[in-house]
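Take a look at the structure set out below.
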Amino acid sequence: MAAAEAHKVIIYGGKGALGSKCVQYFKSKQWWVASIDLNTNEEANANVTVQMTDSFNEQAQQVTADVGELLGEEKVDAILCVAGGWAGGSAKAKVMYKNADLMWKQSVWTSTISSHLATKHLKEGGLLTLAGAKASLGPTPGMIGYGMAKAAVHQLCQSLGEANSGLPAGASAIAILPVTLDTPMNRKFMPDADVSSWTPLEYIAELFYKWATGEDRPASGSLVQLVTADGKTEATAV
């Protein structure tokens with residue numbers, strides 16, 4: 001008998017802290033893993049390297065073409081967009097334009113590309129996850145660019161959850177809305193913070209795996225808050 005076909009996942013932002021954890025976790029479950037990132041993740045089965053450009057159209061076309069070349073007619077079970085970052089600044093800040101531009105590139109560009117890739121390469125009944133932020137459910141005066149970018153991701157996710165969004169039949173789009181992730185970078189820059197309220201990367205990787213395999217998967221279009229207190233994380237749909 002032929003061996004069962006391996007499950008496949010694409011991780012956009014697969015070299016970042018959360019992305020690397022997801023690559024490791026899905027690999028440990030014997031999934032085939034492709035990473036899309038500015039940098040190569042040696043642990044992934046395949047890599048698509050994003051070319052830096054100030055043109056969204058150029059970057060989107062390049063990534064879409066490279067993923068198409070990698071997969072051909074193959075479909076994947078899940079696409080996890082975990083690219084992103086944080087930058088602050090009010091509307092008055094000198095760095096407002098620069099930081100807003102960076103936030104759009106890191107969050108909105110990647111989420112938009114991931115969504116289109118899902119229409120082309122996700123299996124029916126597959127999973128697309130996007131990275132939102134709990135803070136963007138309300139005003140974010142001290143981080144204008146970040147707040148706008150993440151709010152756009154929330155809107156995108158809700159649109160994808162509706163009929164005629166272009167996603168394959170039975171596929172789900174779900175956004176996670178964390179507060180603070182327990183990453184090495186956050187520990188470095190906030191050494192005195194209460195890390196018991198930070199969400200562990202392992203928890204999110206495990207949550208994605210459950211959803212990808214159909215366990216406790218929320219409805220498509222859901223915005224799922226991840227709130228951690230005393231080291232315990234609760235996932236709750238908004």
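In terms of hydrophobic clustering, with Ile, Leu, Val, Met, Phe, Trp and Tyr side chains grouped at heavy-atom distances under 4.5 Å, Leu127 and Leu160 are assigned to different clusters. Hydrophobic clustering keeps Phe26 apart from Val48 (ILVMFWY residues linked when any side-chain heavy atoms are closer than 4.5 Å, directly or through intermediates). Both Ile11 and Ile204 are members of a single hydrophobic cluster when ILVMFWY side chains are connected at heavy-atom separations under 4.5 Å. Side-chain heavy atoms closer than 4.5 Å link hydrophobic residues (I, L, V, M, F, W, Y) into clusters, and following such links, even through other members, never connects Ile36 to Val23. Under a hydrophobic clustering in which Ile, Leu, Val, Met, Phe, Trp and Tyr are joined whenever their side-chain heavy atoms come within less than 4.5 Å, directly or via other members, Leu223 and Val227 fall into different clusters.
Under a cutoff of 6.0 Å and an axis angle of 45°, Lys105 and Phe56 do not form a cation-pi pair.
Although no hydrogens or angles enter the test, the distance criterion places no donor-acceptor pair under 3.5 Å between the side chain of Thr40 and the main chain of Glu42. Under the 3.5 Å distance criterion, the side-chain polar atoms of Asn45 are left unmatched by any main-chain donor or acceptor of Trp32. Ser111 places no side-chain N or O within donor-acceptor distance of the main-chain N or O of Val108, the cut-off being under 3.5 Å. Remark: side-chain polar atoms of Ser222 are not paired, donor with acceptor, to backbone N or O of Val224 under 3.5 angstrom. Checking side-chain atoms of Ser28 against main-chain N and O of Tyr25 turns up a donor-acceptor pair under 3.5 Å. In this structure a side-chain-to-backbone donor-acceptor pair under 3.5 Å is missing from Glu43 to Gln24. A donor-acceptor pair under 3.5 Å is absent between the side-chain atoms of Thr53 and the main chain of Glu58, judged by distance alone. Not a single donor-acceptor pair under 3.5 Å links the side chain of Ser165 to the backbone N or O of Gly161. Side chain of Asn41 to backbone of Ser35: no donor-acceptor contact under 3.5 angstrom is found. Of the possible polar contacts, none joining the Thr49 side chain to the Leu38 backbone as a donor-acceptor pair under 3.5 Å is found.
At least one side-chain heavy atom of Arg187 sits less than 4.5 Å from a side-chain heavy atom of Asp182. Two residues are said to be in side-chain contact when any heavy atoms from C-beta on lie closer than 4.5 Å; Leu226 and Leu207 meet this criterion. In this structure, the side chains of Leu201 and Leu181 come closer than 4.5 Å at one or more pairs of heavy atoms. Leu137 places a side-chain heavy atom less than 4.5 Å from the side chain of Val238. Within the 4.5 Å cutoff, side-chain heavy atoms of Leu156 are placed close to those of Ser115. With a 4.5 Å cut-off on side-chain heavy atoms, Ile10 and Leu71 count as touching. Between Ile174 and Leu130 the shortest side-chain heavy-atom distance does not fall below 4.5 Å. No side-chain heavy atom of Leu70 sits under 4.5 Å from any side-chain heavy atom of Asp66.
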- Task: Given side chain to side chain donor-acceptor pair (under 3.5 Å), test Gln225 with Thr236 step by step and report yes or no.
- Result: CA-CA 5 Å; Gln225 297 184 72; Thr236 314; over 6 Å; no

- Message: Walk me through whether Ile144 and Met103 qualify under side-chain contact (heavy atoms from CB on, under 4.5 Å).
- Response: CA-CA 10 Å; Ile144 295 275; Met103 294 300 93; over 6 Å; no

- Trace of the side-chain contact (heavy atoms from CB on, under 4.5 Å) decision for Asn186 with Thr180: CA-CA 8 Å; Asn186 282 340; Thr180 306; 3.7 Å; yes

- Task: Report the C-alpha distance between Val76 and Val9 in whole Å, list the side-chain angles of each, state the deciding distance to 0.1 Å, and finish with yes or no for side-chain contact (heavy atoms from CB on, under 4.5 Å).
- Result: CA-CA 6 Å; Val76 299; Val9 60; over 6 Å; no

- Message: Working note: Thr233 + Thr228, criterion side chain to side chain donor-acceptor pair (under 3.5 Å); need CA distance, chi angles, decisive distance, verdict.
- Response: CA-CA 4 Å; Thr233 304; Thr228 305; 2.7 Å; yes

- Task: Mind running side-chain contact (heavy atoms from CB on, under 4.5 Å) on Leu80 and Tyr12 for me, showing each step along the way?
- Result: CA-CA 6 Å; Leu80 313 177; Tyr12 205 128; over 6 Å; no

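Nearest heavy-atom pair, Pro168 versus Glu124, reported as atom, atom and distance to 0.1 Å: CB-CA, 4.0 Å. Contact detail for Asp37 and Gly16: the closest heavy-atom pair is OD2-N, 3.6 Å. Across all non-hydrogen atoms, the minimal contact from Cys22 to Phe208 is SG-CD1, 3.8 Å. Of all non-hydrogen atoms in Ile79 and Leu117, the two that sit nearest each other are CD1-C, 3.8 Å. Summarising the geometry of Ala193 relative to Trp198, their closest heavy-atom pair is CB-CZ2, 3.3 Å, with the distance given to 0.1 Å. A pairwise comparison of heavy atoms in Gln59 and Gln51 identifies NE2-O, 3.3 Å as the closest pair.
Residues Glu202 and Lys21 are paired through a salt bridge, judged by an N-O separation under 4.0 Å between the basic side chain and the carboxylate. At a threshold of 4.0 Å, the pair Arg217-Glu215 does not count as salt-bridged, since none of the basic side-chain nitrogens sits closer than that to a carboxylate oxygen. Between Asp77 and Lys123 there is a salt bridge, since at least one side-chain N of the basic residue sits less than 4.0 Å from a carboxylate O of the acidic one.
Taken from CE in Met96 to CG in Asp101, the straight-line distance is 11.5 Å, to the nearest 0.5 Å. To the nearest 0.5 angstrom, Asn99 atom CG is 8.0 Å from Trp86 atom CH2. Note that OG1 of Thr119 and CG of Leu128 are 10.0 Å apart. Values are rounded to the nearest 0.5 Å. Taking CH2 from Trp211 and CD from Glu206, the interatomic distance works out to 12.5 Å, rounded to the nearest 0.5 Å.
Environment of CE in Met185: sparse, with no more than 12 heavy atoms of neighbouring residues, nucleotides or ligands closer than 6.0 Å. Within a 6.0 Å sphere centred on NZ of Lys134, heavy atoms belonging to other residues, nucleotides or ligands number 12 at most. Heavy-atom contacts from other residues, nucleotides or ligands closer than 6.0 Å to OH of Tyr97 number 12 or fewer. Enclosure of atom CG in Asp194 by more than 12 non-hydrogen atoms of other residues, nucleotides or ligands within 6.0 angstrom is indicated. Around atom NZ of Lys98, no more than 12 heavy atoms belonging to other residues, nucleotides or ligands sit under 6.0 Å away. Within a 6.0 Å radius of CH2 in Trp104, other residues, nucleotides and ligands contribute 12 heavy atoms or fewer.
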